[in-house]
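In what follows, a single structure is set out as structure tokens and then discussed.
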Amino acid sequence: MVEEKDAELILETLRPLYGEGVYPGRSDRMERPEWMDGPFQVLLATVLSQRTRDENTRMAADRLFSRFPGPADLNGADVKEIESLIRNAGFPVQKAKAIKDIARIVVEEHSGDLPSDMDVLLSLPMVGRKTANCVRAYAFGIPAICVDTHVHRISNLIGLVDSKDPDGTEDQLMKVVPEHYWKDINALLVRHGQVICQPRRPRCAECPISNHCDHGSLADRK
DNA sequence: AAAACGGGGGC
DNA sequence: GCCCCAGTTTT
């Protein structure tokens, strides 16, 4: 197991490459949209981002919030119209239904304001640990680590953690990574996973942290 | 543990 | 055409 200093060194090596503020639906190469102004909108954009490339997430969220800006608007919306607005995102049927249900719950049970409680977030449709932690970290400023497939794979590859499941990876990361980095680690490792440490073909020759890594030998590990 | 959901992009 | 993708839910 690595020491805290190693985790800090790795993250500071990646930061200048990928920058900060790379969140679901909000690539650092794009302007921050006006609609991205609250926890509710961050939650829906994060749901839209599931198994969907960032550009498509952004387009879907842009259309959705232009037509239905808030929870009350979506609560009264036609599911089929929501579905057509987000059609270029993955799982549009499933997500359209979930979005309308989330809007109804927020309006009817939480006075139109999305709570930050983990239990409440996890009870919403299509909201698992990754999505809930994104909302807590990005929208509420609560220290949390979002573990998706990139974070899980790369954290194990470079020996930050040793876990077969994302929950274990999250627990171990919280122990080995200083809290100051929790909000950034997801964006940095996701970006690294997209650009350099790709699941199928890792560009180890171009990787600035290959000295911390088993190189390609564990590249297919899940 | 594995399948299903699903349109879009890369090759 | 085929494979993969900023996961979650259901079998």
Side-chain angles (χ1 to χ4, degrees), chain A residues 11 14 17-30 32-33 36 41-64 79-102 105 118-139 144-157 163-170 173 181-203 219-222:
Chain A
L11 293 172
L14 296 180
L17 272 66
Y18 307 125
E20 307 176 44
V22 187
Y23 309 132
R26 287 173 282 173
S27 158
D28 55 349
R29 290 165 301 183
M30 304 178 186
R32 180 192 175 99
M36 192 66 74
Q41 288 79 2
V42 171
L43 171 62
L44 263 48
T46 309
V47 168
L48 287 174
S49 79
Q50 292 168 10
R51 303 297 286 177
T52 302
R53 287 177 171 76
D54 201 51
E55 297 76 18
N56 291 335
T57 298
R58 171 58 183 275
M59 283 187 284
D62 237 342
R63 283 197 298 268
L64 180 68
V79 179
K80 299 300 290 181
E81 184 175 3
I82 297 177
E83 186 184 320
S84 70
L85 291 170
I86 66 170
R87 186 167 297 285
N88 72 323
F91 310 122
V93 177
Q94 206 175 345
K95 285 176 181 174
K97 183 179 187 320
I99 285 170
K100 169 143 180 157
D101 287 341
I102 290 171
I105 293 168
M118 192 58 153
D119 292 342
V120 174
L121 293 174
L122 287 179
S123 73
L124 300 172
M126 292 202 76
V127 178
R129 280 202 83 80
K130 186 266 178 182
T131 301
N133 278 332
C134 275
V135 172
R136 287 161 62 81
Y138 302 152
I145 299 179
C146 311
V147 178
D148 55 50
T149 53
H150 286 302
V151 175
H152 181 52
R153 174 173 43 82
I154 298 176
S155 294
N156 279 279
L157 265 178
S163 169
K164 287 179 179 130
D165 65 284
D167 288 357
T169 292
E170 183 188 333
L173 280 177
Y181 291 97
W182 290 7
K183 183 178 176 177
D184 294 333
I185 184 170
N186 173 271
L188 293 174
L189 292 189
V190 166
R191 213 78 175 110
H192 191 56
Q194 293 169 335
V195 178
I196 305 271
C197 193
Q198 301 167 10
R200 274 302 176 187
R201 202 178 74 76
R203 303 167 175 270
D220 290 329
R221 175 174 181 171
K222 294 178 181 171

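So that the names make sense, note that chain A is the first sequence line, chain B the second, and so on, each numbered from 1.
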Rounded distance (Å) that lies between atom [atom2] of [N] and atom [atom1] of [X]:
| X | N | atom1 | atom2 | result |
| --- | --- | --- | --- | --- |
| A:Lys95 | C:dA6 | NZ | P | 12 Å |
| A:Phe91 | C:dG7 | CZ | C1' | 8 Å |
| A:Asp167 | C:dT8 | CG | C1' | 12 Å |
| A:Leu124 | C:dT9 | CG | P | 10 Å |
| A:Ile154 | C:dC5 | CD1 | C1' | 14 Å |
| A:Met126 | B:dA4 | CE | C1' | 11 Å |
| A:Lys97 | B:dA4 | NZ | P | 21 Å |
| A:Gln50 | C:dT9 | CD | P | 8 Å |

Rounding to an integer number of angstrom, what distance separates C:dG1 and B:dG6 when you compare their P atoms? 23 Å
Interatomic distance at P, C:dA6 relative to B:dC11, whole Å: 14 Å
Check whether any side-chain nitrogen or oxygen of A:Thr46 sits under 4.0 Å from OP1 or OP2 of C:dA6, and answer yes or no. no
Given C:dA6, is OP1 or OP2 found less than 4.0 Å from the side-chain N or O atoms of A:Thr57? no
Looking just at side-chain N and O atoms, do A:Asn133 and A:Glu170 make a donor-acceptor pair shorter than 3.5 Å? yes
Side chain of [X]: nearest nucleotide among [options]?
| X | options | value |
| --- | --- | --- |
| A:Val93 | B:dG6, C:dC4, C:dA6 | B:dG6 |
| A:Arg51 | C:dC4, C:dC5, C:dT8 | C:dC5 |
| A:Arg53 | C:dT8, C:dA6, B:dG8 | B:dG8 |
| A:Gln194 | C:dG7, C:dA6, C:dC5 | C:dA6 |
| A:Asn186 | C:dT8, C:dA6, B:dG8 | C:dA6 |
| A:Pro92 | C:dA6, C:dT8, B:dG7 | B:dG7 |

Using a heavy-atom cut-off of 4.0 Å across all strands, would you classify [X] as base, sugar-phosphate, or nothing?
| X | value |
| --- | --- |
| A:Gly128 | sugar-phosphate |
| A:Ile86 | nothing |
| A:Pro125 | sugar-phosphate |
| A:Val127 | sugar-phosphate |
| A:Asn88 | sugar-phosphate |

Hey, what do you get for CG (A:Leu124) to CG (A:Leu44), rounding to the nearest 0.5 Å? 10.0 Å
Straight-line distance of A:Lys95 NZ to A:Ser49 OG, nearest 0.5 Å: 7.0 Å
Any donor-acceptor pair under 3.5 Å linking the side chain of A:Thr52 with the backbone of A:Gln50? yes
Examine distances only and state if a side-chain atom of A:Arg191 and a backbone atom of A:Leu17 form a donor-acceptor pair shorter than 3.5 Å. no
Check this for me, if you would: do A:Arg58 and A:Glu55 make a salt bridge, where the nitrogen-to-carboxylate-oxygen distance has to be below 4.0 angstrom? no
